[in-house]
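Convention: sequence-line order gives letters A, B, ...; per-chain numbering from 1.
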Amino acid sequence: MKTRIFSVLCENSPGVMMRISRDFTRRQINIDSITVGIEPTGLARIILMFKADDHMAEHLHHVLSRLTQVVDAEVIDPEASIVREVALLRTKRLSDEKMWDVVRRIEKAGGRVLESRGNVLVAELSGVHEDIENVVKALGPDILQETARSGQVYLGRRTAKDR
Amino acid sequence: MVELTGAKALVESLRVEDVKHIFGLPGGAVLPLYDVLYDDPGIKHILVRHEQGAAHAADGYARASGKPGVCLTTSGPGATNLVTGILNAYMDSSPVVAMSGQVPSKLIGADAFQEADMLSVMLPIAKHNFIVRSVAEIPHIVKLAFKIATTGRQGPVHVDLPKDMQADKADVEIPARVEYVKPTVFELDLARVLEAVDLLAKAKRPLMYAGGGAISSSASAELVALAELLGAPVVTSLMGKGAIPEDHPLALGMIGMHGRMVANLAVTDCDVLLGVGVRFDDRATGDVKHFAPKAKIIHIDIDKVEIGKNVRVDVPILSDAKRALAAVLEGLRARAKRGRPSEWLTRIEKLSKELSPRMDYDEVPMKPQRVIKEIMSVLGGDAIVVTEVGQCQMWAAHYYVVKKPRHFISSGGLGTMGFGFPAAMGAKVARPECDVVDIAGDGSFLMNSQELATVVENEINVVVCILNNRFLGMVKQWQDLFYQKRRSAVDLGMVPDFVKLAEAYGAYGDRVTRPGEVAPKLREALRCGKPVVLDIPIDPDEHVLPMVPAGGRLDQMLT
């Protein structure tokens, strides 16, 4: 099943998130990430990432579009947009040798160490979802104590025509 | 701007929406609102005996009249009792505005007495729902609630009213119109319409399939005109019964699990199927892989979610049925004259004659087919037939010839036992000039028979015809057919005596046991000036046949 990204522009009022998420729950689709931000207009933009086949993805798109408080539901094509995620990682207490190994791996992945106290590192990574996922998986639970992830944020790429 | 209490603002707002009737039952959390209704001469409140009855009555009112039905309850149990009725209205796209009281704002979330989190409960089962958070927004919310309920694909809307929001005062303004982000009219995609015209013009075996959307958009005239122009037979869903007069030579009746065999065969054989305001429900299509296997499918629907949801669609047309059909008609008329698909029509006509359902049984206990036949012989085309749910419903749907839209009312999507009687009550309140008859089963009628008190007290003279087999008949039928006749928990025993039950409430009750007696007793019932219960014992072993087993093919019916 393919990974999908929907961007839902909706009213910023209590219960909207529940209306949207229950449409997934009911169809037993797991939401992998969900982010909310307030647009300059005052409307909320909810970005959802999930896995579904083509038929279900199209159905969910129509179902979300139908909700009374949804102004627009857009299917995001990752190819035509800039999609990023930020992750904060905290390691366990590491040996000196292990710690330097982790520092190298974080820097190689384009991240940076924000803090280090008593051989516990806090690092920041940003990039596309899959790259972050790969680093987190490679480090694994033996090294990582805790992670905090932003979920997907995106901006559509401007075409020549828009400029 | 005027200073009003929330309750007064609400009633003023209802008046602007032209609300004439409310079905409801009061309680602690709606006392301020009922206090305002006490003085209001313009809105008649009909006191039901159970809130489920109020929801179904509002639904029946809406279906019979085309205008939104309104119901009102208190908080907590009053509100939760609306649940089945609201979902029923949602599944059948019926415009209902339901309101219930709520505990005062500052107690919400405290598990206060008679508190239920109705915002969450109603959320998945209504088209939309609101909770009032300030008195000033009440007129806006009411306006929006009616707008949402009655536009696009219609459906129920629930408004939760905390008690303090009814009692407090604020400066309010009753708006003349309200901003609503959803489209209520769609731009017709002319390219799609012309594609449909092309397909229909070339079809050798065209078939039209009309559903509830054809009725809610008042598209009957266009539907019949298009059928006649094309020479296309018309089948319907349960919700579409009455979209075309069923005595029209092109009308083949209902399709599906308990549809007419000729209708199911026509679907299987047609080469172009035009779906009009239908959602291709599983009870109608059977196995979708074998549904209309030879046909290109054109689907007109106002709800994009429905297009392509259950069956593959070749030409989607997003529009209300009336407008789209008018455009297709226009497109076809602009074309050169074309011949009628006479070979197809001859075949259908022949099948129709061969498979015409038999109703002339003389046995005692009576066969339900015979009972329906006699009911039909008495009622004119203006009578509204409402059904309960189960075998009685499918016998009515299969055999009863409906002549007008909004004159056959049945719980389709949810299949709610107990719907028929309160819905009949609502229909009679909406259309007092029409005879209203509930074709009932004993099990289903008992689920809301307490509304006998309501119809007697309010002189709502409906007639209930109970096809009484002392069983939960449809469940029994499935057990007989698919569970080796192991009749588990379906025998309802010999109680109650329905004649005495009617009399206990002050209604008129009578029992009809012999063929030939149904018609005269029904005639008498319609004239007696009281609500009536006719107890009609039927053959307890009769099944609803023919039948497509669940997930089976429409062209392979059990007989």
Side-chain angles (χ1 to χ4, degrees), chain A residues 1-2 4 6-31 34 36-48 50 52-77, chain B residues 87 90 93 105 108-109 117-134 137 140-141 144-160 178-184 186 279 288 299 301-313 316 318:
Chain A
M1 274 188 296
K2 265 169 68 179
R4 318 276 171 173
F6 283 1
S7 171
V8 183
L9 191 63
C10 54
E11 282 177 26
N12 180 26
S13 58
V16 179
M17 176 85 92
M18 188 165 157
R19 287 179 204 278
I20 289 172
S21 59
R22 69 153 284 273
D23 275 326
F24 288 81
T25 313
R26 179 181 175 193
R27 294 168 179 90
Q28 290 294 291
I29 301 288
N30 189 47
I31 299 174
I34 185 163
V36 189
I38 308 303
E39 299 269 299
T41 52
L43 292 170
R45 185 173 294 281
I46 298 180
I47 298 169
L48 300 141
F50 59 97
D53 62 28
D54 288 351
H55 186 258
M56 179 57 81
E58 192 190 347
H59 182 58
L60 279 168
H61 179 224
H62 294 327
V63 163
L64 296 187
S65 304
R66 182 170 67 175
L67 290 173
T68 297
Q69 288 163 309
V70 167
V71 178
D72 186 35
E74 202 183 339
V75 180
I76 301 304
D77 175 2
Chain B
L87 181 55
Y90 191 36
S93 309
S105 304
I108 291 177
D117 175 8
M118 291 316 293
L119 190 74
S120 299
V121 171
M122 286 291 175
L123 190 143
I125 60 164
K127 185 177 174 188
H128 195 58
N129 60 331
F130 296 93
I131 181 163
V132 172
R133 292 171 202 278
S134 75
E137 70 180 2
H140 178 80
I141 285 179
L144 201 49
F146 278 84
K147 183 101 181 172
I148 293 169
T150 56
T151 55
R153 180 175 180 178
Q154 301 182 340
V157 177
H158 178 252
V159 183
D160 210 21
V178 74
E179 224 176 281
Y180 177 40
V181 296
K182 294 286 149 186
T184 52
F186 293 97
R279 61 189 181 89
V288 286
H299 188 187
D301 206 282
I302 198 163
D303 184 0
K304 205 171 181 180
V305 173
E306 295 302 343
I307 296 180
K309 184 180 83 176
N310 294 340
V311 298
R312 69 195 153 76
V313 169
L318 186 65

Please give me the minimum heavy-atom distance between A:Ile29 and A:Phe50, naming the atom from each residue. CG2-CD1, 3.8 Å

Shortest non-hydrogen contact from B:Ile141 toward B:Ile131: CD1-O, 4.1 Å

Which atoms of A:Leu60 approach chain B - backbone, side chain, both or neither, heavy atom under 4.5 Å: neither

Taking all heavy atoms of A:Cys10 and all of A:Ile46, pick out the closest pair and write down the distance. SG-CD1, 3.8 Å

Testing the basics here: between B:Leu123 and A:Gly15, what is the closest heavy-atom pair and its distance to 0.1 Å? CD1-O, 4.3 Å

Is the backbone N or O of A:Val8 less than 3.5 Å from a side-chain atom of A:Arg45, with the two atoms forming a donor-acceptor pair by type? no

Dump the table of donor-acceptor contacts under 3.5 Å between chain A and chain B, or return none if there are none.
residue, atom, partner, partner atom, Å
A:Arg19, NH1, B:Asn129, OD1, 2.8
A:Arg19, NH2, B:Asn129, O, 3.1
A:Arg19, NH2, B:Asn129, OD1, 2.8
A:His55, NE2, B:Gly308, O, 3.3
A:His55, NE2, B:Lys309, O, 3.4
A:Ser65, O, B:Lys182, NZ, 2.4
A:Arg66, NH1, B:Asp303, OD2, 2.5
A:Leu67, O, B:Lys182, NZ, 2.9
A:Val70, O, B:Lys182, NZ, 2.6

What are the two closest heavy atoms between B:Ala145 and B:Val159, and how far apart are they? CB-CG2, 4.1 Å

